[in-house]
**Student:** 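Before anything else, here's the structure in question.
Everything numeric here is computed off the predicted structure, so don't read it as measured data. Quick note: residue numbers are just sequence positions, from 1.
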Amino acid sequence: MRFSGTTIPGVTVVDLEPVRDRRGHFARSFCADSFAEQGLPTDFPQHSLSFNAVAGTVRGLHFQLPPHGEPKLIRCTRGAIFDVAVDLRPESPTWRQWVGVELSAANGRALYIPPGLAHGFQTLADETEVLYLMGARYVPEAARGYRWNDPAFAIDWPRPVSVISERDISYPDFAGG
Ligand SMILES: Cc1cn([C@H]2C[C@H](O)[C@@H](COP(=O)(O)OP(=O)(O)O[C@H]3O[C@@H](C)C(=O)[C@@H](O)[C@H]3O)O2)c(=O)[nH]c1=O
């Protein structure tokens, strides 16, 4: 695995290093030792799959309040997504900034997002599947979100939104907290 930083401290691109032969390839998609060397979490007690039928679907922007903040490792195992992290850490030099990375089954890329950031994505193909490794348990009472089109973030989404949940269009404006 190859780790690369992004414009937001802690948000890390994780690329595969496939070993190829005539059958295809083999690549480690998670390694606790490599994550520890990078100072990243190694305990991911929940793994979740998200299936999205239609291109243009948006999910997010989601996060959990402390102490339930979730480190997330996000990978697209079928289709493609534009994956977004928004920095909500008030002490961060990149507070309120966002970063977007294309993850696809074809590019094998994953994105690590630390706690304190909101996460969302837009699908770029029909029948897109996203696999999460979650570094904290799901606590619905601690779940919060901001709208995908909140002017405080001004995220440049690649497509018009085709499908989004009622909850995700109803979040109030970001108030700076
Ligand atoms: C997130 C989650 C949901 N659920 C349940 C609650 C609900 O009945 C159903 C669908 O949940 P949601 O509508 O919250 O699913 P979704 O909108 O896809 O939520 C996800 O969005 C992306 C952007 C993230 O970053 C994830 O952490 C998660 O928040 O699944 C779990 O049981 N465990 C979980 O970890």
Side-chain angles (χ1 to χ4, degrees), residues 1-17 29-46 48 50 58-76 80-104 107-124 130-139 141-159 161 164 167-169 171-177:
M1 288 183 296
R2 220 173 39 246
F3 296 84
S4 322
T6 66
T7 50
I8 297 186
V11 179
T12 305
V13 172
V14 184
D15 282 308
L16 300 174
E17 291 185 302
S29 55
F30 171 74
C31 172
D33 292 347
S34 305
F35 267 58
E37 278 168 24
Q38 299 291 324
L40 301 178
T42 58
D43 184 24
F44 292 90
Q46 294 186 350
S48 301
S50 163
V58 166
R59 293 185 189 240
L61 308 157
H62 299 159
F63 61 100
Q64 289 193 164
L65 294 174
H68 303 291
E70 301 164 292
K72 298 178 185 175
L73 181 68
I74 297 127
R75 175 179 302 285
C76 182
I81 60 172
F82 182 69
D83 203 41
V84 171
V86 180
D87 195 349
L88 300 177
R89 301 166 296 187
E91 72 290 355
S92 169
T94 54
W95 179 63
R96 281 197 338 181
Q97 292 181 28
W98 63 276
V99 64
V101 177
E102 185 168 327
L103 309 179
S104 67
N107 72 17
R109 185 160 264 192
L111 190 67
Y112 171 77
I113 301 177
L117 284 85
H119 169 247
F121 64 80
Q122 181 170 44
T123 59
L124 304 176
V130 178
L131 172 67
Y132 296 81
L133 274 58
M134 309 294 264
R137 284 158 181 80
Y138 177 54
V139 180
E141 307 74 42
R144 295 290 184 279
Y146 291 114
R147 278 193 328 280
W148 93 104
N149 62 351
D150 194 309
F153 310 134
I155 296 168
D156 191 12
W157 295 98
R159 295 179 177 225
V161 176
I164 188 166
R167 182 193 53 169
D168 284 356
I169 54 172
Y171 292 123
D173 279 352
F174 179 72

**Student:** Nearest 0.5 Å please: distance from the NE2 atom of H62 over to the CG atom of D168.
**Tutor:**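 Going from the NE2 atom of H62 to the CG atom of D168 covers 3.5 Å.
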
**Student:** Is I74 close to H119 at the side-chain level, that is, under 4.5 Å between some pair of heavy atoms?
**Tutor:**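 Yes; the side chains approach each other to less than 4.5 Å.
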
**Student:** What is the distance from atom CG of L61 to atom CG of N149, rounded to the nearest 0.5 Å?
**Tutor:**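 Taking CG in L61 and CG in N149, the distance rounds to 9.0 Å.
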
**Student:** Hey, does V58 have a side-chain heavy atom less than 4.5 Å from the side chain of F82?
**Tutor:**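 The answer is no; the side chains never approach within 4.5 Å.
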
**Student:** Do the ring planes of F174 and W95 sit parallel (below 30°), tilted (30 to 60°) or perpendicular (above 60°)?
**Tutor:**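 Rings of F174 and W95: tilted, 30 to 60°.
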
**Student:** Going by atom type alone, with no hydrogens or angles, which donor-acceptor pairs under 3.5 Å involve a side-chain atom of residues 63-71 and a protein atom two or more places apart or on another chain?
**Tutor:**
from, atom 1, to, atom 2, distance (Å)
Q64, OE1, V139, N, 2.9
Q64, NE2, H68, O, 2.8
Q64, NE2, R137, O, 3.2

**Student:** Does the ring center of F35 lie less than 6.0 Å from the ring center of F3?
**Tutor:**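 Yes: the rings meet the under 6.0 Å criterion.
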
**Student:** For residues 109-124, which residue pairs qualify under salt bridge (charged side-chain N to carboxylate O under 4.0 Å, His left out), counting only residues two or more places apart or in two chains?
**Tutor:**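 For residues 109-124: D15-R109.
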
**Student:** What's the shortest heavy-atom distance between I113 and V84, and which atoms?
**Tutor:**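 Taking I113 first and V84 second, the nearest heavy atoms are CD1-O, 4.3 Å.
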
**Student:** Do V13 and R2 have side chains that approach each other closer than 4.5 Å (heavy atoms only, starting at C-beta)?
**Tutor:**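 No, side chains not in contact.
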
**Student:** Are V99 and T94 close enough that some pair of their side-chain heavy atoms sits under 4.5 Å apart?
**Tutor:**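 Answer no - side chains too far apart.
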
**Student:** Quick check: closest heavy atoms across F30 and F44, and the distance to 0.1 Å?
**Tutor:**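 Taking every non-hydrogen atom into account, CE1-CE1, 3.5 Å.
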
**Student:** For a quick test of reading the model, state the closest non-hydrogen atom pair linking A85 to L117 and the distance between them.
**Tutor:**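 For A85 versus L117, the nearest heavy atoms are CB-CD2, 4.0 Å.
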
**Student:** I need the minimum non-hydrogen distance between M134 and S48, along with the two atoms involved.
**Tutor:**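 In this case the closest contact between M134 and S48 is CG-OG, 4.4 Å.
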
**Student:** Do the rings of F121 and Y132 sit parallel, tilted or perpendicular, given the 30° and 60° boundaries?
**Tutor:**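 The arrangement is tilted - the two ring planes meet at 30° to 60°.
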
**Student:** Flag the pair T12 / S4 as yes when at least one side-chain heavy-atom distance between them is below 4.5 Å, and no otherwise.
**Tutor:**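 No; the side chains remain at least 4.5 Å from each other.
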
**Student:** Could you report the tightest heavy-atom contact between P158 and L124, atom names first, then the distance?
**Tutor:**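 Distance-wise, the nearest heavy atoms are CG-CD2, 3.7 Å.
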
**Student:** For the residue pair R75 and S29, what are the closest heavy atoms and their distance?
**Tutor:**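 Smallest heavy-atom distance, with atoms named: NH2-O, 3.1 Å.
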
**Student:** Which residue pairs satisfy the salt bridge (charged side-chain N to carboxylate O under 4.0 Å, His left out) criterion with at least one member in residues 80-101, sequence neighbours excluded?
**Tutor:**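 Every pair satisfying salt bridge (charged side-chain N to carboxylate O under 4.0 Å, His left out) with a residue in residues 80-101: D87-R89.
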
